[in-house]
Amino acid sequence: MRVGYLQFRPFFGEPERNIERILELTQNIDFDLLVMPELSNSGYLFSAKEELKKTAEQVPEGRFCKAITNLSKEKNAYIVCGLAEKSADKFYNSSILAYPNGETKLYRKIHLFNEEKLWFEPGNRPFEVHEITVDGKKIYAGMMICYDWLYPESARTLAMKGAQIICHPSNLVMPYCQDAMYARAIENRVFTITSNRIGTEKNAEKELFFTGQSVILDPKGRYLRRGPSDEEECFIVHIEPAMALNKKMNEHNSIFDDRREEMYK
């Protein structure tokens, strides 16, 4: 199975330009599952709700969402992409899983980071695992977004629900996540794909630097790829998803069977 990430620098408040850049970067790339950064349609550093209102869109009928779905159809592949979502009068930091048949699954970020709490509602849906089919084989993938990584329950919940691949759109500004994903992968024996953005974003006297270095790990905690810190790239690796079905650490230990929930209270 061919999986990977798209690491790029979104244009703040310009969804159309971001669509164009995504299409450019994926033009000659073949994949089965591709993960794109958090808030790929809008950029990150908001200073007023009006900025969010101009770029957030409804799922699945929004123009950016449709562009991602169309790309999924064109590539006959699955795409996970972060976006600013509008639902009624609320806004969510969300991600979609686009299917080549036009279907769309939605996740809303549960753990909001810092000033995100000024603009977005906390996610109101539980972590879910979705079935995808590649080369006739059923594979199970789940989504979490950026700061969700700090809460082991996020990845553990997805793994306990059967996820073989955890798709992780991100806009990382702290230096910890790329290393911490080693733990998320090995403690759950799953593949993880963290797609981070790059660049510095400035808005209304505020400034943030994003760390890039998107990472792909296998269930044994091996780094299949760590991207550059300051360059755009679309990188694909080959994996065997069935590897994530084996939860045994050794002859006597299974990471899920050995859990003693009665002692965790």
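- Checked by atom type and distance alone, the side chain of Thr157 never pairs as donor or acceptor with a backbone atom of Ala155 at under 3.5 Å.
- Evaluation of the ring pair (Phe, Tyr, Trp, His ring centres under 6.0 Å) rule for Tyr176 yields no partner, not counting sequence neighbours.
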Could you walk me through whether Lys53 and Glu50 pass the salt bridge (Lys or Arg N to Asp or Glu O under 4.0 Å) check? CA-CA 5 Å; Lys53 289 179 180 179; Glu50 288 303 315; 3.3 Å; yes
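- With hydrogens and angles ignored, the 3.5 Å screen pairs no side-chain donor or acceptor of Lys220 with any backbone N or O of Leu217.
- Tyr223 places none of its side-chain heavy atoms less than 4.5 Å from the side chain of Ile216.
- Summarising the geometry, atom OG1 belonging to Thr200 is positioned 9.0 Å from atom CG belonging to Leu208; distances are rounded to the nearest 0.5 Å.
- Under the rule for a salt bridge (charged side-chain N to carboxylate O under 4.0 Å, His left out), Glu251 has no partner lying at least two apart in sequence or in another chain.
- Aromatic ring pairs are classed by plane angle as parallel below 30°, tilted from 30° to 60° and perpendicular above 60°; the pair His111 and Tyr151 is parallel.
- Within a 6.0 Å radius of CG in Asn76, other residues, nucleotides and ligands contribute 12 heavy atoms or fewer.
- Within the 4.5 Å cutoff, the side chain of Pro60 has heavy atoms near those of the Cys65 side chain.
- Using modelled atom types, one side-chain atom of Glu201 and one backbone atom of Leu45 make a donor-acceptor pair closer than 3.5 Å.
- The 12-atom threshold is not exceeded at NZ of Lys54, counting heavy atoms of other residues, nucleotides or ligands nearer than 6.0 Å.
- In terms of modelled atom types and a separation under 3.5 Å, the side chain of Ser40 and the main chain of Cys81 share no donor-acceptor contact.
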Go through the steps for Arg17 and Glu20 under the test salt bridge (Lys or Arg N to Asp or Glu O under 4.0 Å), then give the verdict. CA-CA 5 Å; Arg17 289 186 71 187; Glu20 291 175 5; 5.8 Å; no
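- Side chain of Asn18 to main chain of Asn41: a donor-acceptor pair is present (N/O by atom type, distance under 3.5 Å, no hydrogens or angles).
- One finds the CD atom of Gln213 at 9.5 Å from the CG atom of Leu172 (value rounded to the nearest 0.5 Å).
- Annotation: ring pair (Phe, Tyr, Trp, His ring centres under 6.0 Å) contacts of Tyr78 (sequence neighbours excluded): Tyr99.
- Taking Ile, Leu, Val, Met, Phe, Trp and Tyr as members and joining any whose side-chain heavy atoms lie under 4.5 Å apart, directly or through other members, the hydrophobic cluster of Ile79 also contains Leu6, Phe8, Ile19, Ile22, Leu23, Leu25, Ile29, Phe31, Leu34, Met36, Val59, Phe64, Ile68, Leu71, Leu83, Ile96, Leu106, Ile236.
- If you chain together ILVMFWY residues whose side-chain heavy atoms come under 4.5 Å of each other, Ile198 ends up in a group of its own.
- Annotation: side chain of Gln164 is not in contact with side chain of Glu240 (no heavy-atom distance under 4.5 Å).
- Of all the heavy atoms in Gln7 and Gly212, the pair that sits closest is OE1-C, 3.5 Å.
- The distance from atom CD of Glu121 to atom CD of Glu116, rounded to the nearest 0.5 Å, is 13.0 Å.
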Just list the side-chain donor-acceptor pairs under 3.5 Å for residues 123-132, sequence neighbours left out, or say none.
residue, atom, partner, partner atom, Å
Asn124, OD1, Arg108, NH1, 3.0
Asn124, ND2, Tyr92, OH, 3.1
Glu131, OE1, Tyr140, OH, 3.1

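- The line from CE of Met249 to OG of Ser254 is 10.0 Å long, rounded to the nearest 0.5 Å.
- Inter-residue side-chain proximity for Val80 and Lys105 is flagged as unmet; no heavy-atom pair is nearer than 4.5 Å.
- For the pair Gln58 (side chain) and Lys86 (backbone), a donor-acceptor distance under 3.5 Å is absent.
- Partners of Phe235 under the ring pair (Phe, Tyr, Trp, His ring centres under 6.0 Å) rule, at least two apart in sequence or in another chain, do not exist in this structure.
- In this structure, OG1 on Thr55 lies 8.5 Å from CZ on Phe91, to the nearest 0.5 angstrom.
- Note on residues 30-45: pairs passing salt bridge (Lys or Arg N to Asp or Glu O under 4.0 Å), not counting sequence neighbours, are Arg2-Asp32, Glu38-Lys109.
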May I have the step-by-step check of side-chain hydrogen bond (donor to acceptor under 3.5 Å, both in side chains) for Asn203 and Glu51, ending in yes or no? CA-CA 11 Å; Asn203 189 11; Glu51 295 172 338; 3.2 Å; yes
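- Sorted by first and then second residue, the salt bridge (Lys or Arg N to Asp or Glu O under 4.0 Å) pairs with a member in residues 162-191 read Asp179-Arg226, Arg184-Glu187; sequence neighbours excluded.
- Taking the ring centroids of Phe12 and Tyr44, they lie at or beyond the 6.0 Å cut-off.
- Taken together through direct or relayed side-chain contacts under 4.5 Å among Ile, Leu, Val, Met, Phe, Trp and Tyr, Met181 and Ile255 form parts of separate hydrophobic clusters.
- For the side chain to side chain donor-acceptor pair (under 3.5 Å) condition, the pairs that include at least one residue of residues 59-73, sequence neighbours left out, are Glu16-Arg63.
- In this structure the side chain of Val215 never reaches within 4.5 angstrom of the side chain of Thr192, judged on heavy atoms.
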Applying salt bridge (Lys or Arg N to Asp or Glu O under 4.0 Å) to Glu115 and Lys206, what does each step give before you reach the verdict? CA-CA 11 Å; Glu115 290 188 1; Lys206 296 189 292 184; 2.8 Å; yes
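- Chaining together hydrophobic side chains whose heavy atoms lie under 4.5 Å apart leaves Phe11 on its own.
- Residues passing the salt bridge (charged side-chain N to carboxylate O under 4.0 Å, His left out) test with Glu207, sequence neighbours excluded: Lys202.
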